[in-house]
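Worksheet for the structure shown next.
FYI, the numbering just counts along the sequence from 1. The structure presented is a predicted model; accordingly, all values stated were derived computationally and were not measured. Atoms considered below: every heavy atom in the structure, side chains included; atoms not considered: hydrogens, waters and symmetry mates.
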Amino acid sequence: MSLHITADAAADDLLTRDPLALLIGMLLDQQVAMETAFSGPLKIEQRVGRMDAQTLAAYDPEALVEAFRQPPAVHRYPGSMAARVQSLCAAVQDDWGGDASAIWTRDAPSGAEVLKRLKKLPGFGEQKAKIFLALIGKQCGFDGDGWREASAPYGEEGSFRSVADIVSPESLAKVREHKRAMKAAAKG
């Protein structure tokens, strides 16, 4: 299935074909618009020249921060997010042989196991891990036992809670409305 998250065909194509890019997009999805976060991997690839865990993990940290800062910036916090991307890539390289998809494919894991694996990654807490699990379940063909339950409430069918539910401009609008409603309720 082709992803349609960023409204940029090249960025969406990279996310669709490269599991590491998708994982990095999810990592970047904080304190910026989803489209900005998930467009970040394409900017990184264009500026660094490659999108692979080994290259990014070993990249000169100062040069990576500069790549993040180039306009348009990869993220509003280029220094901290470049470091997080580098830590994530080091973990993917060290623990998964550089293959991000192994996190959800190696040994035919259950949804609960993938959630556990994701939560061990730098920058992936409970919520981010559940959203990513829902994303790979809903849009990337992951069908491990119990993935919907492990990703709850984000794996819920027919919901519009997160990036996992974005398949069109209309679904993006519904996700944004849900997030606005949640923020309003929290301010209550």
Euclidean distance, [Y] [atom2] relative to [X] [atom1], rounded to 0.5 Å:
X   : Y    : atom1 : atom2 : value
L3  : L22  : CG    : CG    : 6.0 Å
D8  : L14  : CG    : CG    : 10.0 Å
L28 : M34  : CG    : CE    : 14.0 Å
D99 : T105 : CG    : OG1   : 6.0 Å

Donor-acceptor side-chain pairing of [X] and [Y] below 3.5 angstrom:
X    : Y    : answer
K116 : S110 : no
D13  : T16  : no
S171 : D165 : no
Q127 : Y154 : yes

### Query
Please walk me through it: do S159 and K138 pass side-chain hydrogen bond (donor to acceptor under 3.5 Å, both in side chains)?
CA-CA 11 Å; S159 68; K138 288 180 173 183; 3.2 Å; yes

### Query
Should L15 and V48 be regarded as members of a common hydrophobic cluster, given that ILVMFWY residues are connected when their side-chain heavy atoms come within less than 4.5 Å of each other, either directly or indirectly?
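L15 and V48: one cluster.
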
### Message
Quick check on the hydrophobic clustering: are I166 and L42 connected, directly or via other members, by side-chain heavy-atom contacts under 4.5 Å?
### Response
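In one cluster with I166: L42, no.
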
Salt bridge between [X] and [Y], side-chain N to carboxylate O under 4.0 Å?
X    : Y    : result
E170 : K174 : no
E45  : R50  : no
R161 : E177 : no

Could you tell me whether a side-chain N or O of [X] sits under 3.5 Å from a main-chain N or O of [Y], the two making a donor and an acceptor?
X    : Y    : result
H75  : D29  : no
R84  : L27  : no
K130 : A152 : yes
Q86  : A58  : no
T36  : V32  : no
T55  : D52  : no

### Query
In this structure, which one of W147, W96, F132, F142 forms a ring pair (Phe, Tyr, Trp, His ring centres under 6.0 Å) with W104?
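Only match with W104 under ring pair (Phe, Tyr, Trp, His ring centres under 6.0 Å): F132.
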
### Query
Just wondering, more than 12 heavy atoms not from Q54 lying within 6.0 Å of its CD?
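Atom CD in Q54 is not packed in, count stays at 12 or less.
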
### Query
Are more than 12 heavy atoms from other residues, nucleotides or ligands located less than 6.0 Å from atom CG of D145?
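Open: at most 12 neighbouring heavy atoms sit under 6.0 Å from CG of D145.
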
#### Entry: Residue pair L88 / V85, side-chain heavy-atom distance below 4.5 Å
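No - every pair of side-chain heavy atoms lies 4.5 Å or more apart.
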
### Message
Do K43 and P72 make a side-chain contact, defined as non-hydrogen atoms from C-beta onward lying under 4.5 Å apart?
### Response
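When only atoms from C-beta onward are counted, P72 and K43 do touch, with a gap below 4.5 Å.
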
#### Entry: Residues K119, E126; criterion salt bridge (Lys or Arg N to Asp or Glu O under 4.0 Å); working and verdict
CA-CA 6 Å; K119 286 171 34 178; E126 180 87 13; 2.6 Å; yes

